[in-house]
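Owing to the predicted nature of the structure, the values given are computational and were not obtained by experimental measurement. Only this structure's heavy atoms are used, side chains among them; waters, hydrogens and symmetry mates stay out. As the structure lists them, so they are numbered: ligands from 1, and atoms in each ligand from 1.
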Amino acid sequence: MTSERVSKLLQEMTTEEKIGQLLQLSADFFEGSQAVITGPMREHDLTLATVYTAGSVLGISGAERVHQIQADYLAKSRLKIPLLFMADIVHGFQTIFPIPLGMAASFDPEAVKLASEVAARESAVSGLHVTFAPMVDLVRDPRWGRVMESTGEDPYLNSVLAKASVDGFQGDLDVEHIAACVKHFAAYGAPEAGREYNTVDLSEWRFREQYLPAYSAAIAAQAKLVMTSFNTLFGVPATANQHLFRDILRDELAFKGVVISDWDAIGELINHGVAGNLQAAADQALAAGVDIDMMSFAYAKYLQKAANLDESTRQLIDESTARILELKESLGLFTDPYRQVTPEREQAELKSVQNLNAAQQVAEESIVLLKNERAILPLARDQKLALIGPVANTGDLLGSWSWQGDQHQTPSIYTAMAEKFPQVSYASGCAYHQLNHREFDQALSTARQADKIIAVLGLPSSESGEATSMTDIRLPQEQLTLLQALAKLGKPIISVVVTGRPLDLTLVDDLSAAVVLAWFPGSRGAAALTNILSGAVNPSGKLPMTFPRSVGQVPIYYNQFNTGRPLSHTENDRENKYLSKYIDEANSPLYPFGFGLSYAEIKAQPISATQQGRSIQLKVELENTAALAGKTVVQCYLHQPVATTVQPVQRLVAFSKVLVPSKQKVELTLTVAPEELTYLDAALKRQTFTGELKFLIGLDSQHTKAISVAYQND
Ligand code: GLC
């Protein structure tokens, strides 16, 4: 329903002013850079007047800077329509949280919501109105660098965390919250061969069953914007795909908000081969319902013929303009274009102790203990430790999309460890991708003096995120050579891995007594890791994405289909050649989805399963026989029911993170919602399972206990 203010503005605005609202320009257009004026402005026949009717800008923040640009803009705006400030605030603004894939490992929606709330507060006091997040693309291919930005391979986990993130960013859109832009619509996370920007080719059935749920959850959570994806889907580039944006997003999901293209995605319709020129690209995107053109200048083409637009184009421009004005109105910008932003509020909020503590708390929940032979962890304070590796003493712990973060202000793992362990020494041993003999020999000499070796390995932030696809997902050979040399010293090795993607850690697992996955843990990640290694915090992270034994297994994910010749690990399977398997590698992953160890000894036992209305309730008993408390994630999987379309061998349908005190039992109830007890048939119609349903309960996806219940859907 268009508000009175928006209706009135639409009547007063000229066609040029409406077209202006559809343009998003980058920061440099508003900072008077000569390169812009002589570059894209000339190239696209833009005038300064165009700049000052553009509806939004991306990449500008800072209370004073935003205030000055907004004031300058409004002074030039005939109808005083405020400028919208947008940016990528993905896992924190100046206080950086673990990368989203790391936060997903917390399996804690409250932790994800907290991270988004802090990010929103810090962004809002710095003048931002919209974040290009959450990214909820389902991912199954660690070769693709942007897995770091997602929450992993499971539709249900992604849906729960997508809602949590939107709720955290938006709240009630007061001046401490910002609008969320769910991205990238759609299925950008499934590029063939894991190659960035590559073709996505999914059946609509699979798209709807596995990729659509998380976008749908974000939209149901009232995300205010959706961003188009660079890729094709169903044979058409998403940014021009009317089936995707009109039929599915607008009609089926009833999305009433703003659609923004990804950077130059409208212009790229020419490269995709569906548009012969920029005007044709503009027409296709506008017809698909793309409201804002991010930096392709395609919509600026309409300025050159504003007086002669046909009625249908004029109507589409009005619709898009209305949605953009409604977004500005929902942010209160017409009432207060500055949203109470002041340098004082900004100063008090950015990297506050409260915010940094929140980042540490979420990092502690995200770190995953993958191996702990002979309970070598946690470490006693008085142990002589050698911290060795290229990631041991660096602030490069923030990961991609941390543009406002400061690595130089980020304590390194060595700094944090030295505060807790008086006898820790350090040597780099090598660089990320480079060995030199002096460093190498120094590291071995340092390691020889210690009781235990902590190898801190991984990749730099620059090798994670957008445009970082890799064909080899092992650690760099230089680091593996260092690890092999350390292993020859005959001392126990604890390997800590800093990464934005699942890696092939087969050799690391072989050579290490313990393996700790730190992800890119954020501004206080080093302190969080130190608390885990010292036992001050009991690790509770679980994998949101499968870790393969080899890149040759990719895509590998837990919720796979059984096939007609499943490998069922019975005796004769070894003899039977004609099964779905490899001759040179196991089918199983190195570390499965949902896996993560604890210092406590916790077991899960299903007690009962009953139908309650159209839901199913499962009672589960957890017992902790260890002398210390621990959190864990109880996972409930629906075992492959019989249906008219193939169903995953198991599918996560409920989970809960629980604290289990030492030497105690805890009983909890998991509720499986009715919508999790449905499937899509071959005609894309949603059906409901009926009859006996088997659920698998466990603390990861592989080690589970079954319980069944008759489910009547009358
Ligand atoms: C990038 C990304 C998108 C981001 C946008 C603006 O290319 O694909 O996720 O929000 O440009 O920075």
Side-chain angles (χ1 to χ4, degrees), residues 23-30 40 54-61 84-93 99-101 116 119-120 123 126 128-139 144-151 158 162 165-166 169 178-191 194-200 214-215 218 223-233 237-239 257-269 271-272 285 290-298 327 399-405 461-462 464-469 500:
L23 306 182
Q24 178 167 95
L25 301 176
S26 56
D28 41 5
F29 280 83
F30 290 87
S56 59
V57 59
L58 78 157
I60 291 181
S61 67
L84 206 48
F85 290 76
M86 304 193 192
D88 296 277
I89 312 302
V90 177
H91 54 110
F93 183 65
I99 53 171
L101 193 59
S116 297
S123 308
S126 290
L128 286 167
H129 306 141
V130 173
T131 176
F132 299 131
M135 183 271 221
V136 301
D137 305 328
L138 185 132
V139 293
W144 190 53
R146 297 192 79 163
V147 296
M148 55 69 58
E149 214 174 325
S150 78
T151 50
N158 290 353
S165 186
V166 171
F169 280 126
I178 55 179
C181 174
V182 63
K183 67 186 186 182
H184 306 77
F185 204 68
Y188 176 27
R195 197 180 82 221
E196 183 61 285
Y197 313 125
N198 201 9
T199 302
V200 170
Y215 303 112
K224 289 290 183 184
L225 298 93
V226 168
M227 182 185 289
T228 74
S229 59
F230 290 123
N231 55 282
T232 53
L233 187 58
T239 306
V258 169
V259 172
I260 183 170
S261 78
D262 202 337
W263 184 289
D264 191 27
I266 298 177
E268 290 175 8
L269 296 176
N271 293 337
H272 278 294
V290 180
D291 300 313
I292 297 178
D293 170 6
M294 184 196 290
M295 285 299 286
S296 86
F297 310 103
L327 173 60
S400 181
W401 293 117
S402 57
W403 57 292
Q404 280 283 331
S461 297
S462 58
S464 173
E466 185 171 357
T468 63
S469 288

message: Could you check whether Q24 and S56, counting side-chain N and O atoms only, form a donor-acceptor pair closer than 3.5 Å?
response: yes
task: Output the list of atoms in ligand 1 that are nearer than 4.0 Å to some heavy atom of H184, sorted by atom number.
output: 3 (C), 8 (O), 9 (O)
field: Side chains of Y215 and H184 in contact at under 4.5 Å (non-hydrogen atoms)
entry: no
- request: Kindly confirm or rule out an N or O of Y188 lying under 3.5 angstrom from an N or O of ligand 1.
  value: no
query: Can you find an N or O of W401 that's nearer than 3.5 Å to an N or O of ligand 1?
result: no
- prompt: Closest non-hydrogen protein atom to atom 1 (C) of ligand 1, residue and atom name please, with distance?
  reply: E466 OE1, 3.2 Å
statement: On a heavy-atom basis, the closest approach of L101 and G500 is CD2-O, 3.9 Å
field: Check: E268/T239 side-chain N/O donor and acceptor closer than 3.5 Å
entry: no
- prompt: Hey, is M135 one of the residues with a heavy atom under 4.0 angstrom from ligand 1?
  reply: no
- prompt: Under 4.0 Å from any heavy atom of F132, which atoms of ligand 1 are there?
  reply: 10 (O)
task: For the residue pair F297 and F29, categorise the inter-ring angle as parallel (less than 30°), tilted (30 to 60°) or perpendicular (more than 60°).
output: tilted
- prompt: Does F132 have its ring centroid less than 6.0 Å away from the ring centroid of W401?
  reply: no
message: Do N158 and T151 pair up side chain to side chain, a donor and an acceptor below 3.5 Å, judged on atom types alone?
response: yes
- request: Identify the protein heavy atom lying closest to atom 10 (O) of ligand 1, giving its residue, its atom name and the separation to 0.1 Å.
  value: D88 OD1, 2.5 Å
statement: Residue, atom and distance of the protein heavy atom nearest atom 5 (C) of ligand 1 read D262 OD1, 3.3 Å
query: What about E149: any of its N or O atoms under 3.5 Å from an N or O on ligand 1?
result: no
message: Show the atoms of ligand 1 that are less than 4.0 angstrom away from any heavy atom in R146.
response: 2 (C), 3 (C), 8 (O), 9 (O)
message: For a quick check under 3.5 Å, do S165 and S116 share a side-chain donor-acceptor pair by atom type?
response: yes
statement: For F230, the atoms of ligand 1 under 4.0 Å from one of its heavy atoms are 7 (O), 8 (O)
query: Can you list the atoms of ligand 1 that are under 4.0 Å from a heavy atom of K183?
result: 3 (C), 4 (C), 9 (O), 10 (O)
